Amino acid sequence: MKDLLDLSGIRQKLNTTIIGKEIRLFEDIDSTNREAMALGASGAKEGTVVLAESQTGGKGRLGRTWYSPKGENLYLSIILRPAILLAEAQLITVAAAVSVAETIRKATDIRPGVKWPNDILINRRKVAGILTELASGNDKVNYLVVGIGINLNMKISSAPEEIRGIAGSLKDFSGREIDRGGFLALLLSEFECYYLIFKAGERQRIMELYTGYSATIGNRIRVRSLESSIEGIACGFNREGGLLLKRDSGIIDTILAGDIEHIS
Ligand code: BTN
């Protein structure tokens with residue numbers, strides 16, 4: 001039997017003022033994002049965290065699933081109520097990516113890279129992903145849920161075939177078991193730090209840190225949509241975290257959402 005998360009130990013380690021003051025821990029759940037969106041609709045406080053030992057229907061971006069075996073990794077969703085426009089919401093995902101990268105660096109001494117928009121990589125393998133969902137009205141955010149999945153201790157050899165070649169875990173790369181409670185407490189405090197920076201309006205600082213972790217800038221990339229596919233060099237980000245792509249013709253496109261392929 002694996003050690004389960006110990007909420008009172010986590011609370012003792014937590015030094016935040018908003019994020020994680022309320023934590024709901026589930027042993028098995030379909031998706032912490034689904035639960036957090038429902039809690040958001042019924043008025044849950046800003047900073048509430050939904051945490052699970054395992055997910056049966058963990059959601060990834062673009063309709064994918066997130067492999068969520070029990071007791072090995074971290075699956076959490078944070079409910080936020082920022083007074084912002086819809087167009088600004090992407091920067092919260094950017095802040096979350098910076099927090100995850102910083103936490104990994106502090107916990108393991110390994111500096112990960114961030115593949116746009118928010119895949120956290122070590123040696124080109126995905127160790128964490130972020131899925132932000134929100135409810136809005138009149139172009140404003142009502143509430144928002146930042147869902148984070150981090151592969152801490154899972155053995156990649158026991159993961160499903162389809163992710164075995166692309167995923168990795170922090171244990172694989174650091175060579176040691178990661179303390180899940182300690183990692184979570186650090187992650188929540190890192191996230192609170194960058195969320196407060198975001199709320200204070202220092203958005204450029206978040207973009208600078210994100211750019212520093214980027215594994216995409218400087219690479220040749222391909223962006224596919226239903227109708228077309230474009231290629232070019234990833235040459236920067238706009239203020240909201242959109243990707244600037246320089247085509248061979250010199251034209252610069254701004255990619256606001258979607259998925260990219262690194263081709264060199
Ligand atoms: C991605 O596709 O990279 C995003 C993955 C996000 C997974 C996390 S696990 C916790 C939270 N609950 C979910 O259902 N999804 C997110």
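For the numbers below, each heavy atom of this structure counts, side chains included, while hydrogens, waters and symmetry mates do not. Since we're looking at a predicted model, the values are computed, not measured. Whatever order the structure lists them in is the order used to number ligands and atoms, beginning at 1.
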(request) May I ask you to decide if Met207's main-chain N or O and Arg239's side chain share a donor-acceptor pair within less than 3.5 Å? (result) no
(message) Could you tell me, atom by atom, which parts of ligand 1 come under 4.0 Å of a heavy atom of Ile130?
(response) 3 (O), 4 (C)
(message) One residue to check: Ala52. Relative to ligand 1, which of side chain, backbone, both or neither has a non-hydrogen atom less than 4.0 Å away?
(response) neither
(request) Assess whether side chain to side chain donor-acceptor pair (under 3.5 Å) is satisfied between Glu202 and Tyr194, documenting all intermediate values. (result) CA-CA 9 Å; Glu202 291 181 50; Tyr194 294 109; over 6 Å; no
(request) For the pair Lys59 and Glu133, find out whether any cationic side-chain nitrogen is under 4.0 Å from an anionic carboxylate oxygen. (result) yes
(message) Closer than 4.0 Å to some heavy atom of Ser77 - which atoms of ligand 1 meet that?
(response) 11 (C), 12 (N)
(message) Tell me the protein heavy atom at minimum distance from atom 8 (C) of ligand 1, and give that distance in Å.
(response) Gly149 N, 3.6 Å
(request) Taking Glu240 for its side chain and Glu88 for its backbone only, find out whether a donor-acceptor pair lies under 3.5 Å. (result) no
(request) Find all atoms of ligand 1 within a distance of less than 4.0 Å from any non-hydrogen atom belonging to Trp66, and give their numbers and elements. (result) 3 (O), 5 (C), 7 (C), 9 (S)
(message) Check this for me, if you would: do Glu208 and Arg205 make a salt bridge, where the nitrogen-to-carboxylate-oxygen distance has to be below 4.0 angstrom?
(response) no
(request) Would you check the N or O atoms of Tyr75, main chain and side chain alike, for any that come under 3.5 Å of an N or O of ligand 1? (result) no
(message) Let me confirm one number: the OG1-CD distance from Thr32 to Gln55, rounded to the nearest 0.5 Å.
(response) 4.5 Å
(request) Verify side chain to side chain donor-acceptor pair (under 3.5 Å) between Ser68 and Ser54, making sure each step is shown before the conclusion. (result) CA-CA 5 Å; Ser68 312; Ser54 75; over 6 Å; no
(message) Geometry only, no angles: is Gln55 polar-contacting ligand 1 at N/O separations under 3.5 Å?
(response) yes
(request) Mind checking whether Leu76 contacts ligand 1 via backbone (N, CA, C, O), side chain (CB onward), both or neither, at a 4.0 Å heavy-atom cut-off? (result) backbone
(message) If hydrophobic clusters are built by linking Ile, Leu, Val, Met, Phe, Trp and Tyr wherever their side-chain heavy atoms come under 4.5 Å apart, do Trp66 and Ile150 end up in the same one?
(response) no
(request) Using a strict cut-off of 4.0 Å, indicate which atoms of ligand 1 neighbour a heavy atom of Lys59. (result) 5 (C), 6 (C), 7 (C), 13 (C), 14 (O), 15 (N), 16 (C)
(message) Which residue in the set Lys115, Arg222, Arg224, Arg64 passes side-chain hydrogen bond (donor to acceptor under 3.5 Å, both in side chains) when paired with Asp259?
(response) Arg64
(message) If the cut-off is 4.0 Å to any non-hydrogen atom of Thr32, which atoms of ligand 1 fall inside it?
(response) 10 (C), 11 (C), 12 (N)
(request) For ligand 1, note which part of Ile148 has a heavy atom under 4.0 Å away: side chain, backbone, both or neither. (result) backbone
(message) Checking a contact table here: which protein heavy atom is nearest atom 2 (O) of ligand 1, and how many Å away?
(response) Arg61 N, 2.7 Å
(request) Would you mind listing which atoms of ligand 1 come within a distance below 4.0 Å of any non-hydrogen atom of Gly58? (result) 14 (O)
(request) Report, in ascending order of atom number, the atoms of ligand 1 lying under 4.0 Å from any heavy atom of Lys126. (result) 1 (C), 2 (O), 3 (O)
